[in-house]
Amino acid sequence: MNKLSNFRTQPAQPFFAQALLDWYPRHRRDLPWRHTQNPYAIWLSEIILQQTRVQQGLPYYERFLAAYPTVQDLANAPEQEVLRLWQGLGYYSRARNLRLTAQQVVNEYGGQFPGTYAELLKLRGVGPYTAAAIASFAFGERVAVLDGNVYRVLSRVFGITTDIALPAARKEFQQLADQLISYENPADYNQAIMEFGAIQCTPVNPDCLFCPVREQCFAFQHGMVQQLPVKSKAKAARTRYFHYFVLRHGEQVYLRRRGGKDIWHGLFDFHLLETPEAELPAKALLAELEQLGARVATDRVSEPAALMRHTLSHQKVEARFHELWLDAPLPAQALQSSGLEAYAAAQLDELPKPVIITNYLEQKSII
DNA sequence: TACCCGTGGTC
DNA sequence: TGACCAAGGGT
């Protein structure tokens, strides 16, 4: 517990809440999910916006609501279709959980979203932040949201130097946030503090000149705006080397659905051989083809592989695409063991794919 | 608890 | 170019 400001030892700060509630209507952006109290629409927007900028999530919100106007529509949708709509947003477990939760709401709650923070927390993909957001925005419950914006604003205004990257910081900040939230209008207060963090008290170059709480702000008064919040650095991303076998035969391309605990679960890519080093020896490539039962014209095997780099938040992927034209379709047994299936170009577009796969297919004019 | 899960924008 | 960051959650 790092207390730099005696300001925060007060039981509550009605001034702080009122300042934000005054600031909010004069600065708020006009966003579609701010025009509804429908819990389904609010839940959808909150899942989409997790670790995602408003400008990136906006078109997805519109598309999802158009494709699935009600929670029943979403519950009845095939997983592959939901993932395809989600394509390009990242963190694809959000999309799988989205559909599972829709089914949960239909089957266990009669199609009505639960109306309290505690019940909302039981839904898959709904954690403390999202439960508080839905409970306050849709049902007016007084529970404080705690997201990246709130961490930053509270850290600066109240001079809290606890490392916000540590899970233990959550307790301290949540306790403060719960004290500060307005009794009269918890929904607008929650919107206000996040919006304030997003457009005024920004990570870089915050607008302190026109800040309504700068006289009370610990960081501003002590020249520590650039130092707060304290956040330890993330672990460096590791590099992985992928060798994709783009197996082609006539109009067909072979892909398979990714599973397991690795990245891109539920999405489709090509047959993959991962190596500890960048290069794949020709011998290893031929051995892999042998195992697949793939018959490839030998003069095509040595063509240089296309290299594409793809950066994820926690790892770097260096992918080499080996385009291989088959003399004959893959034998049924190879399909069975590898999970590969042949798709025509028109079908490829319908499959949910990682961005790097879509980029490759587009570059090669396959889709 | 520590680590895992994507992508695009910004400086 | 690379590090940081964005309305977090699951395991």
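Treat the numbers as computed from the prediction; the structure is a model and nothing was measured. Naming convention: chains lettered A, B, ... in sequence-line order (proteins, then strands); numbering from 1 in each chain.
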Phosphate-side-chain proximity, Lys261(A) and dC4(B), N/O vs OP1/OP2 below 4.0 Å: no
Gln37(A) atom CD, neighbour heavy-atom count above 12 within 6.0 Å: no
Gln50(A) side chain, from C-beta outward: closest of dG8(C), dA7(C), dA6(C): dG8(C)
OP1 or OP2 of dG10(C) under 4.0 Å from side-chain N/O of Tyr91(A): no
Inter-residue atom distance Leu166(A).CG - Lys171(A).NZ, 0.5 Å rounding: 14.5 Å
Tyr360(A) and Tyr244(A) aromatic centres sub-6.0 Å: no
Sugar-phosphate only, base, or nothing, as touched by Ile263(A) at under 4.0 Å among non-hydrogen atoms: sugar-phosphate
d(NE2, His265(A); C1', dC5(B)) in whole Å: 11 Å
Touch class at under 4.0 angstrom, heavy-atom based, for Asn205(A) against every strand present: nothing
Whole angstrom value for the distance that separates C1' of dC4(C) from CZ of Arg53(A): 9 Å
Whole angstrom value for the distance that separates P of dC5(C) from CE of Met194(A): 19 Å
Any Gln51(A) side-chain nitrogen or oxygen under 4.0 Å from OP1 or OP2 of dG8(C): yes
Sugar-phosphate, base or nothing in reach of Val150(A), heavy atoms under 4.0 Å: nothing
DNA chain B: 5'-proximal contact among Ser93(A) and Pro167(A) (nearest heavy atom): Pro167(A)
Nearest-Å distance once atom C1' is located in both dT1(B) and dT11(C): 11 Å
d(NZ, Lys316(A); P, dT7(B)) in whole Å: 16 Å
Distance in angstrom units between Asn97(A) CG and dG6(B) P, rounded: 12 Å
Presence of Trp264(A) side-chain N/O under 4.0 Å of dT7(B) phosphate oxygens OP1/OP2: yes
Which residue lies more 5' along DNA chain B, comparing Val204(A) with Ile356(A) via nearest heavy atoms: Ile356(A)
His310(A) vs dT7(B): side-chain N/O to OP1/OP2 distance below 4.0 Å: yes
Touch class at under 4.0 angstrom, heavy-atom based, for Gln55(A) against every strand present: nothing
Gln191(A) side-chain N/O to dA7(C) phosphate OP1/OP2 under 4.0 Å: no
Parallel, tilted or perpendicular: ring planes of Phe64(A) versus Tyr68(A), cut at 30 and 60 degrees: tilted
dA6(C) OP1/OP2 closer than 4.0 Å to side-chain N/O of Arg152(A): yes
Atom-to-atom span, NZ of Lys235(A) to C1' of dA3(C) - whole angstrom: 17 Å
Spacing of the C1' atoms in dA7(C) and dA2(B) (rounded, Å): 24 Å
Ala168(A), nearest nucleotide to its side chain (from dG6(B), dT1(B), dA7(C)): dT1(B)
Phosphate-side-chain proximity, Thr130(A) and dG9(C), N/O vs OP1/OP2 below 4.0 Å: yes
Sugar-phosphate, base or nothing in reach of Trp33(A), heavy atoms under 4.0 Å: base
Test item: side-chain donor near acceptor, Tyr129(A) and Gln50(A), under 3.5 Å: no
cation_pi(Arg142(A), Tyr183(A)) dist<6.0 Å, angle<=45: yes
Side chain of His314(A) - closest among dC5(B), dT11(C), dA7(C): dC5(B)
Leu121(A) vs Arg29(A), nearer the 5' end of DNA chain C by closest nucleotide: Arg29(A)
First of Arg124(A) and Ala198(A) reached from the 5' end of DNA chain C, by closest nucleotide: Ala198(A)
Protein-nucleotide distance (Met308(A), atom CE; dG6(B), atom C1'), rounded to Å: 16 Å
Phe16(A) and Phe158(A) aromatic ring geometry - parallel, tilted or perpendicular at 30°/60° bounds: perpendicular
Length of the CD-P vector between Gln226(A) and dC5(C), whole Å: 12 Å
